[in-house]
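Remember, it's a predicted structure, so these values are computed and weren't measured experimentally. Remember, it's 1-based here, ligands and their atoms both numbered in the order they're listed.
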Amino acid sequence: MPPVLILLTLLLPLGAGADEIIGGHKVKPHSRPYMAFVESVDIQGNKRYCGGFLVQDNFVLTAAHCRNSSLHSSMTVTLGANNIEAKEDTQQIIPVAKAIPHPDYNDTVFSSDIMLLKLGRKAKRNKAVKPLKLPEPSDQVKPGDVCHVAGWGKTSINATEGSSRLREVQLIIQEDKKCKKRFPHYTNTTEICAGDWKKKKTFYEGDSGGPLVCDNKAHGVVAYTKNWTISSGVFTKVVYFLPWISSNMKHL
Ligand SMILES: *[C@@H]1O[C@H](CO)[C@@H](O)[C@H](O)[C@H]1NC(C)=O
Ligand SMILES: *[C@@H]1O[C@H](CO)[C@@H](O)[C@H](O)[C@H]1NC(C)=O
Ligand SMILES: *[C@@H]1O[C@H](CO)[C@@H](O)[C@H](O)[C@H]1NC(C)=O
Ligand SMILES: *[C@@H]1O[C@H](CO)[C@@H](O)[C@H](O)[C@H]1NC(C)=O
């Protein structure tokens with residue numbers, strides 16, 4: 001196989017495999033009130049889990065690869081959760097009325113890997129459920145900036161008690177050059193690359209669709225990594241997609 005193809009086969013969409021924040025820590029319950037747990041069920045009843053985040057009372061942002069393109073698949077969003085395996089009073093389980101993946105989403109290279117979910121009803125805002133701010137058009141992250149990613153992760157569903165809780169890991173914005181080497185399709189106009197090359201202990205395994213939070217704003221959406229033993233990954237750059245996000249939220 002030519003090297004490029006080998007690399008491509010190593011690209012793991014984070015929603016497809018075993019996703020779990022690793023090397024991070026549990027967060028104080030409900031301290032990340034924007035976090036959404038996204039469940040997708042296809043026509044055969046197969047389930048798939050992703051992260052996402054509330055951006056308006058009736059809109060959740062996630063990754064496009066979290067959608068099952070088969071007909072009659074359905075999605076639900078759980079807000080206000082800490083332990084996703086428990087029935088918590090704070091949880092709001094809301095069906096998705098409409099999934100709007102970005103029209104340029106490319107499932108080979110995971111470009112434009114972003115999707116809006118219009119909720120069937122508005123979320124009720126409270127201490128456990130609150131939207132996350134989107135960045136301003138002029139906001140930028142730069143190498144060295146410290147950000148966070150939270151998630152539950154697919155493997156946690158059938159795993160030990162602890163991993164069913166929301167976890168978070170700290171990641172650092174990386175230099176474009178380094179990322180380009182590791183991720184051949186990485187492009188700095190539409191993507192952000194973050195991780196920690198030195199500390200193997202703090203790598204994370206995934207949670208597609210979850211937010212990369214820098215300065216209390218959603219700068220990125222977890223898109224892909226090459227190999228979950230490597231402590232870095234690529235995020236869809238929210239700033240670039242702001243016009244698409246706001247026009248879709250306005251017109252739906
Ligand atoms: C999603 O769709 C594909 C076919 O497009 C199918 O192979 C897969 O099993 C489906 N289900 C899930 C949960 O991803
Ligand atoms: C996805 O991107 C690859 C690489 O740029 C390109 O070869 C392919 O045609 C694209 N696929 C679609 C469906 O646009
Ligand atoms: C992207 O990379 C190019 C070339 O390396 C650089 O000139 C440009 O400033 C970068 N853009 C952003 C938004 O980081
Ligand atoms: C990921 O990387 C590790 C260490 O480099 C390697 O042992 C492992 O086989 C890789 N896994 C995949 C799925 O590529």
Problem set entry | Reported OG1-to-NE2 distance for the pair Thr190 and His185, which is rounded to 0.5 angstrom | 12.0 Å
Exercise. Which residue from Asp104, Asn106, Thr187, Asp107 reaches closest to atom 3 (C) of ligand 2 through any of its heavy atoms?
Worked result: Asn106
Problem set entry | Heavy atom of protein inside 4.0 Å of atom 1 (C) of ligand 3, strictly below | yes
Exercise. NZ of Lys180: more than 12 outside heavy atoms within 6.0 angstrom?
Worked result: yes
Exercise. Got a second to check how far Thr62's OG1 is from Asp113's CG, nearest 0.5 Å?
Worked result: 8.5 Å
Problem set entry | Contacting atoms of ligand 2, where contact means under 4.0 angstrom from a heavy atom of Val109 | 2 (O), 4 (C)
Problem set entry | Least distance between heavy atoms, Glu39 atom then Tyr49 atom | OE1-CE2, 3.5 Å
Exercise. Taking everything shown except Tyr240 itself, do over 12 heavy atoms lie less than 6.0 Å from its OH?
Worked result: no
Exercise. Looking only at N/O atoms, are Asn188 and ligand 3 under 3.5 Å apart anywhere?
Worked result: yes
For this session: For atom 5 (O) of ligand 2, state whether the nearest protein heavy atom is under 4.0 Å away.
Result: no
Problem set entry | Under 4.0 Å to a heavy atom of Lys237 - the qualifying atoms of ligand 3, by number | 13 (C)
Problem set entry | Any non-hydrogen protein atom less than 4.0 Å away from atom 11 (N) of ligand 3 | yes
Exercise. Do you see a protein non-hydrogen atom under 4.0 Å from atom 14 (O) of ligand 2?
Worked result: yes
Problem set entry | Under 3.5 Å donor-acceptor, Gln174 side chain and Gly195 backbone | yes
